[in-house]
Amino acid sequence: MDIINFLLAGGVVFLGSFFATISGFGFALVATPLLAMLMPLKWVIMFLLVLTIVLRSVTMFRVWGQFEWSTVLITSLGCFIGMIPGSILLRIISVNSLQIFLGVVLLIATLLMSLQYTVKIKNKTYGRLGAGVLSGFFGACTSVGGPPLALYFLNENTEKTLMRANMIWIFGVTSFLSLFVNYFVGNIAAVSDWSYIYAMIPATLAGILAGERLVYRLNQHLFRRLSLMIVLVGAVMMLFNGLRGL
């Protein structure tokens with residue numbers, strides 16, 4: 001990677017970390033489509049997984065006491081269930097096809113949510129488990145697992161501080177689980193040079209600091225709009241990258 005691409009990658013990581021700190025999700029959603037223009041996608045997925053662990057280790061500590069244990073545990077269980085087939089699919093199926101499929105689904109879901117369409121969930125335990133399964137599946141095979149959970153919690157009209165803290169802890173727990181699963185299915189071996197990952201840690205930390213300066217200035221309405229905007233932008237970029245790779 002030359003110096004220009006290295007600086008571009010650092011800027012992308014900073015933006016991803018910034019938005020993830022504000023909303024509780026969006027690191028891979030923002031960073032994956034852009035980094036995929038600079039390096040192979042399967043390498044990007046492992047690259048971001050390691051940086052996500054750095055990000056979550058810091059932010060989990062910062063929101064201690066603000067999340068719901070029951071929500072974090074049941075949703076994380078769903079994520080773990082979903083990431084097993086997702087990790088296997090990453091090795092045997094076209095990532096471009098998965099990106100196109102996920103991009104289309106997210107565009108439709110975001111449009112419905114922006115029109116104030118909601119689905120009444122009768123059993124929130126099963127709803128959160130199911131959202132976790134989808135998040136774990138797509139997170140493992142495309143590195144983008146945030147949107148299914150973000151859209152689910154927005155559908156529940158979860159208060160912004162609670163939603164952000166829950167998602168930070170859910171993705172913190174599942175990042176460690178995902179690293180464990182990817183190690184045993186052999187995906188970690190795809191990373192041949194770890195020096196670039198270590199060099200991106202300062203950009204990750206800078207994004208956290210910048211995000212924390214802004215997050216508490218957002219009200220519930222702005223938080224919802226920002227969350228939907230992150231999902232929308234990520235969906236468009238994923239769709240573009242998937243079509244470009246065909």
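In this chain, residues are counted from 1 in sequence order. All figures in this text were calculated on a predicted structure; none of them were measured in a lab.
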Between [X] and [Y], is any pair of side-chain heavy atoms under 4.5 Å apart?
X    : Y    : answer
Y152 : K124 : yes
F25  : F171 : yes
I4   : L8   : yes
L154 : M163 : yes
F14  : T204 : no

Note to self: Classify the ring geometry of F67 against W64: parallel below 30°, tilted from 30° to 60°, perpendicular beyond 60°.
What the structure shows: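 Judged by the thresholds at 30° and 60°, the geometry between F67 and W64 is perpendicular.
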Could you give the distance from [atom1] ([X]) to [atom2] ([Y]), rounded to the nearest 0.5 Å?
X    : Y    : atom1 : atom2 : result
E156 : L162 : CD    : CG    : 9.5 Å
K120 : N155 : NZ    : CG    : 12.0 Å
I208 : L55  : CD1   : CG    : 4.5 Å

Same cluster (ILVMFWY, side-chain, under 4.5 Å), [X] and [Y]:
X    : Y    : value
Y126 : I81  : no
L15  : L48  : yes
I170 : F223 : yes
F61  : V173 : no
F176 : V133 : no

Residue pair [X] / [Y]: nearest heavy atoms and the distance that separates them:
X    : Y    : value
G10  : A203 : O-CB, 3.5 Å
V12  : A31  : CG1-CA, 3.5 Å
I22  : G211 : CG1-O, 3.7 Å
L149 : G132 : CD2-N, 3.9 Å
A9   : L38  : N-CD1, 3.9 Å
M167 : A150 : CE-N, 3.7 Å

Is the backbone of [Y] close enough, under 3.5 Å, to the side chain of [X] for a donor and an acceptor to pair up by distance?
X    : Y    : answer
T21  : E212 : no
S57  : I53  : yes
E159 : T161 : yes
R164 : V215 : no

Note to self: Apply side chain to side chain contact (heavy atoms under 4.5 Å, CB included) to residues L214 and F18 and explain how you reach the verdict.
What the structure shows: CA-CA 9 Å; L214 180 62; F18 173 75; 3.8 Å; yes
Next item on the list: Verify side chain to side chain contact (heavy atoms under 4.5 Å, CB included) between L205 and V58, making sure each step is shown before the conclusion.
Entry: CA-CA 8 Å; L205 297 176; V58 175; 4.1 Å; yes
Note to self: Pair S23, I230 - check side chain to side chain contact (heavy atoms under 4.5 Å, CB included), show working.
What the structure shows: CA-CA 9 Å; S23 64; I230 294 173; 3.7 Å; yes
Next item on the list: Indicate whether any N or O donor in one side chain lies under 3.5 Å from an N or O acceptor in the other, for T71 and R128.
Entry: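 Yes, because at least one side-chain N or O of T71 sits under 3.5 Å from a partner of the opposite role on R128.
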Next item on the list: Please check if atom CZ in R62 has more than 12 non-hydrogen atoms from other residues, nucleotides or ligands closer than 6.0 Å.
Entry: no
Item checked: Steps toward side chain to side chain contact (heavy atoms under 4.5 Å, CB included) verdict (F6, M200) -> CA-CA 9 Å; F6 180 79; M200 291 297 149; 3.5 Å; yes
